[in-house]
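We name chains A, B, ... by the order of the sequence lines, and we start the count at 1 in each one.
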There are 2 protein chains.
Amino acid sequence: MTLTSNSLISDEAIEQPRSALPPQADPQHFVEEVGLLFETTGLPRMAGRVFGWLLISNPPHQSPGELATVLQASKGSISTMTRLLEQIGIIERVSLPGQRRDYFRIKLNAWSELSKRRMEQVVAFRKVAERGLLLLQDEPSERLQRLQEMRDVHAFFESELPLMLDRWEQFRAQPPADSP
Amino acid sequence: MTLTSNSLISDEAIEQPRSALPPQADPQHFVEEVGLLFETTGLPRMAGRVFGWLLISNPPHQSPGELATVLQASKGSISTMTRLLEQIGIIERVSLPGQRRDYFRIKLNAWSELSKRRMEQVVAFRKVAERGLLLLQDEPSERLQRLQEMRDVHAFFESELPLMLDRWEQFRAQPPADSP
DNA sequence: CAGGAAGTTCAGTAAATACTGAACAAAAAG
DNA sequence: CTTTTTGTTCAGTATTTACTGAACTTCCTG
């Protein structure tokens, strides 16, 4: 099972009795790890598997069919998950010239897109806090403390996170000294 | 149904045919909103309801029994959810002197606790990226780009987030000028 | 110490959600 | 134009997960 050429697809490696490789050298294991990781963020495990495979696949673009084969999932599932990941903005569809159909690959700015998603959650928290304050507008201020804190924290994050992303972009552009 | 005294509990407001108040003036509606909000973060809706009620309840501490009544949930569910929220670190148990049992209320530093949780996720992402790099350690560097980016982004966040939290603590301590 | 109120545990159920597989659609090859 | 390959849609199923309710435990009160 040579990893470099993703021979998983051509030879019947997928029928192997569950790889005897140590976990840290097993691509399937890595894919499952990403699946679990995605689950902790509320996304379906299969979406994580797709993303996980695209992180290590060779070439970096893979067709739906290839994904279905490698991940041993139904075509339907792959279709749904790629649509989801595309909508979230962390993978994209590429149609190579001459090649028959389209492929998926991880977007260059996948991580800033994911951060935007997290940002939306922060905004949602602030807004709910504000609705709560509206609800208690005639109450004594001590009763409002909990909601005010909730609003202020999230408003603060809301202003800071974009700055942090900017800093990251800068950092990436010219890695200062001993960056890997 | 007077909100100030939480008369929801004493009179049978809970049996009302679904409040005729406009949504922004309806505590039940607020509680449901927080429930949905929590669901987007992967936590059970009922946990969000409990937290939502504790955000607006008077007094700020509520007994399991009260929670069960107001939220129209089983005692078992309340027990599970308060345990979860306590474990996460965003509510705490308080035993008032003389009073018969214990109550729950939102912790003062609930939001920094929640941030810690998010932080843990960032760490998990970095670690998975590193395991991926280990897997591809003998591959040409161009193949590693996706995983390197994933690791670097999260390592960056990992270093920045604590600083941001520090800044928030400072900001809260002495709100500069026209803070609410 | 008995009786009762309040809370927790846990087995079972209801509801939500991920996933499959078959039918359909679109496109390329023969 | 037919056949084959590839992808999508969608109805149905399986699995997971939240939630309930009954039994048990703990702790007050008389």
Side-chain angles (χ1 to χ4, degrees), chain A residues 9-10 14 28 31-32 34-54 61-88 91-105, chain B residues 9-10 14 28 31-32 34-54 61-88 91-105:
Chain A
I9 300 161
S10 37
I14 53 167
Q28 296 286 9
V31 163
E32 288 305 318
V34 181
L36 292 175
L37 189 60
F38 267 54
E39 233 173 21
T40 69
T41 75
L43 290 167
R45 183 180 299 190
M46 189 61 81
R49 291 204 188 99
V50 170
F51 192 84
W53 178 249
L54 288 177
H61 56 267
Q62 301 275 301
S63 73
E66 288 169 328
L67 291 170
T69 308
V70 184
L71 304 177
Q72 300 180 65
S74 69
K75 291 192 295 175
S77 188
I78 297 298
S79 182
T80 309
M81 293 310 148
T82 49
R83 181 149 31 87
L84 173 66
L85 292 171
E86 209 179 355
Q87 197 189 333
I88 288 175
I91 73 171
E92 64 189 348
R93 207 178 283 261
V94 287
S95 31
L96 304 177
Q99 297 280 80
R100 46 174 174 242
R101 268 296 173 76
D102 37 30
Y103 295 86
F104 295 101
R105 75 169 170 214
Chain B
I9 299 160
S10 36
I14 53 166
Q28 295 286 8
V31 164
E32 288 305 317
V34 180
L36 293 174
L37 189 61
F38 267 54
E39 233 175 20
T40 70
T41 75
L43 291 167
R45 184 179 298 190
M46 189 62 83
R49 291 204 187 99
V50 170
F51 192 83
W53 178 248
L54 289 176
H61 55 269
Q62 301 276 301
S63 73
E66 288 168 328
L67 291 169
T69 309
V70 184
L71 304 177
Q72 300 179 66
S74 69
K75 292 192 294 176
S77 188
I78 298 298
S79 181
T80 309
M81 294 308 148
T82 48
R83 180 150 30 87
L84 173 66
L85 292 171
E86 208 179 357
Q87 199 188 333
I88 289 176
I91 73 172
E92 65 188 346
R93 207 176 283 260
V94 287
S95 32
L96 304 177
Q99 297 281 81
R100 47 175 174 243
R101 270 295 171 76
D102 38 29
Y103 296 85
F104 295 100
R105 74 168 172 215

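Heavy-atom nearest nucleotides on DNA chain C were determined for B:T80 and for B:G65, and the one closer to the 5' end corresponds to B:G65. Looking at which nucleotide of DNA chain D each of B:R45 and A:I78 is closest to, the 5′-most match is held by A:I78.
Put simply, CD on A:E39 is 7 Å from P on D:dT17, counting in whole angstrom units. Here C:dA16 presents its P atom at 20 Å from CZ of B:F38, a figure rounded to the nearest Å. With rounding to whole Å, B:Q62 atom CD is found 16 Å from C:dG7 atom C1'. When the P atom of C:dA25 is taken as reference, atom CG of A:D102 falls 19 Å away, rounded to whole Å. Taking atom CE of B:M81 as the reference point, atom P of C:dT8 lies 13 Å away to the nearest angstrom. Between A:L36 atom CG and C:dA18 atom P the separation is 15 Å, expressed in whole Å. Note: NZ (B:K75) to C1' (D:dT26) measures 12 Å, nearest angstrom. Between the C1' atom of C:dT20 and the CG atom of A:L71 lies a distance of 15 Å, rounded to the nearest Å.
When the side-chain nitrogen and oxygen atoms of A:S74 are compared with OP1 and OP2 of C:dC19, none of them lie within a distance under 4.0 Å. For C:dG7, the OP1/OP2 oxygens have no side-chain nitrogen or oxygen of B:R83 closer than 4.0 Å.
A pairwise comparison of heavy atoms in A:I91 and A:T82 identifies CD1-O, 3.7 Å as the closest pair. Contact detail for A:G48 and A:V34: the closest heavy-atom pair is O-CG1, 3.3 Å. Contact record, A:V94 with A:H61: CG2-CB, 4.1 Å, taken as the closest heavy-atom pair.
Across all strands, A:G76 comes closer than 4.0 Å to base atoms (heavy-atom distances).
Two residues are said to be in side-chain contact when any heavy atoms from C-beta on lie closer than 4.5 Å; A:W53 and A:Q62 meet this criterion.
Legend: residues meeting ring-ring contact (aromatic ring centres under 6.0 Å, His included) with B:F38, ordered by chain and number and at least two apart, are B:F51.
Taking only side-chain atoms of B:P44, from C-beta outward, the nucleotide of D:dT20, C:dT8, D:dA18 with the closest atom is D:dA18. Across C:dT9, D:dG7, C:dT20, the shortest atom-to-atom separation from the side chain of A:S77 is found for C:dT20. Side-chain proximity of B:R93 to the nucleotides D:dT8, C:dT8, C:dG21 is greatest for C:dT8.
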